Trainee: 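What follows is a structure written as C-alpha cells; I'll ask about it next.
These numbers come from a predicted model, not from an experiment. Computation of the quantities below employed the complete heavy-atom set of this structure, encompassing side-chain atoms and omitting hydrogens, waters and symmetry-equivalent molecules. Proteins get letters first, then strands, A, B, ... in listed order; numbering begins at 1 in each.
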Number of protein chains: 2
Amino acid sequence: MAAVPDRSHVEDMLTLLRSRGQRVTTARRAVLEALVRYRDEHLGTEELAVRIRRDQPEIHLSTVYRTLEYLEEQGLVHHVHLAHRAVSHHVARDHHQHAVCDHCGKAFDLDLSLFDELTRRLADEHGFTAELGHITIGGRCADCA
Amino acid sequence: MAAVPDRSHVEDMLTLLRSRGQRVTTARRAVLEALVRYRDEHLGTEELAVRIRRDQPEIHLSTVYRTLEYLEEQGLVHHVHLAHRAVSHHVARDHHQHAVCDHCGKAFDLDLSLFDELTRRLADEHGFTAELGHITIGGRCADCA
DNA sequence: TTCACTGCAAATAGTTTGCACATAG
DNA sequence: CTATGTGCAAACTATTTGCAGTGAA
C-alpha cells in the first residue's frame, strides 16, 4: 500500500516543514515518528505521549498537545474523534475513516472510497464540501450485533 | 413533517417511561421539553441547562447530565458530536441527518438515502451495523467554500 | 544572536460522583 | 412509606496557557 517506506515518510514531512521555513525540533520528529510507528493502535493523545516518553522522557505532555496542533495546522496530521472523550491523531497520508463499535469499542479503519458517493452527492445536491476527516461512525460490529 | 404536535410528543415519551415502570420527574420533563423546544439550535449540554434554568432555576447542571444519560439509556434521546468539545442531544424521533457549515453554521437537512450506499457497504464489507444518528457532517457550504 | 519552541506548573472546561435530602409512585 | 432522583460541592479528566529558560537556524 505505502509507496514509500515509513522512515523516509517522516523525513519527507520534516523536509517539507524545512522548505516552508519551519523549524524541525526533537519534539516534532518524535511525534511524527510515534504517529507512524503506532498508527495501528489509535492511541489517544495522552497514551501517545506515554509511548514517546519511553524513549524521550524529556518531552512533556503539553508539548505533545502543542506539537499535534502545530502539525495539524501544517496539514501533516489529522485528528479523529474515536470515542466520547478520546481524540486520536494520524499522519495525513494515512487518511482513513473509522467505525467504532459502541459495545466493545473496537475500531475499524475504513477505506475512503466508502464515502465517495456521499461526498459527491453532497457537492452536487447541496453545493456542500464535506470535511469527513474527523468523523467516526458508531454502531455495532459483527461480534456484538 | 411531524405527524404529532410537539407537546404531545413529550407526553408520549413520558407515558412510555411510566409504562416501563420508570419515574416521571420534573427534571425529566423539563429536559425533554427543552430538547423539543430548542431542537433547531443544536445546544451543547451546558447551554441546554442554561435554557432550562431560565424557567426552572432549581434544576442543576449535573442533573441535566444525569437526565440526558438516563434518557439515552431509555432510547428516547440521541447524542451528536458537533464540534471539538461540544456534545449535543436530540430526541430520538427527530432522527435527522445534517451537514453543518464550519464557517457560517448553516445547517442542511440531508436525505437519508445519501447514506444508503455507505450503510450497505459497511454491512457487506465489514459486518458493521452503522448507527448514523450521532453524526453531523462538517465542511463548507457553497457560500463559504 | 534571535526568536520560536519547550518544560513546568497552574488554570480552565467539560463531565462525573458521593452524600444527605426531597419526592414519585 | 421507601426506593429513586436531585441539589450541591468537590473530584476528575482532557486540554490550554503564562512564563522563563533552551535550542534551531
Trainee: Only pairs at least two apart or in different chains count here, so list each ring pair (Phe, Tyr, Trp, His ring centres under 6.0 Å) that has a residue in residues 21-47 of chain A.
Mentor: His42(A)-His98(A)
Trainee: Flag yes if Ile59(A) and Val36(A) sit in one hydrophobic cluster, no otherwise; membership is Ile, Leu, Val, Met, Phe, Trp, Tyr, and two members link when side-chain heavy atoms are under 4.5 Å apart.
Mentor: yes
Trainee: So does Tyr65(A) get a side-chain nitrogen or oxygen closer than 4.0 Å to the phosphate oxygens (OP1/OP2) of dT15(D)?
Mentor: yes
Trainee: Heavy atom of residues 20-27 of chain B under 4.0 Å from DNA chain C: which residues?
Mentor: Arg23(B), Val24(B)
Trainee: Give every residue pair that meets the side-chain hydrogen bond (donor to acceptor under 3.5 Å, both in side chains) criterion with at least one member in residues 46-57 of chain B, sequence neighbours excluded.
Mentor: Glu41(B)-Arg51(B)
Trainee: Set out, line by line, the N/O atom pairs under 3.5 Å between protein and nucleotides 18-22 of chain C.
Mentor:
unit_1: dG18(C); atom_1: O6; unit_2: Arg66(B); atom_2: NH1; d: 3.3

Trainee: Given that Arg28(A) and Arg18(B) both sit by DNA chain C, which one's nearest nucleotide is further toward the 5' end?
Mentor: Arg28(A)
Trainee: Residues two or more places apart in sequence or in another chain: which of them pass side-chain hydrogen bond (donor to acceptor under 3.5 Å, both in side chains) with Arg23(B)?
Mentor: none
Trainee: Quick one: do Arg120(A) and Asp124(A) make a salt bridge, cutoff under 4.0 Å?
Mentor: yes
Trainee: Please round to the nearest 0.5 Å and tell me the distance separating atom CD of Gln22(A) and atom CD of Gln74(A).
Mentor: 4.0 Å
Trainee: Test of understanding: with salt bridge (Lys or Arg N to Asp or Glu O under 4.0 Å), list the residues that count as partners of Arg121(B), not counting sequence neighbours.
Mentor: Glu117(B), Glu125(B)
Trainee: Cationic tip of Arg28(A) within the cone over Tyr70(A)'s six-membered ring, i.e. under 6.0 Å and within 45° of the normal?
Mentor: yes
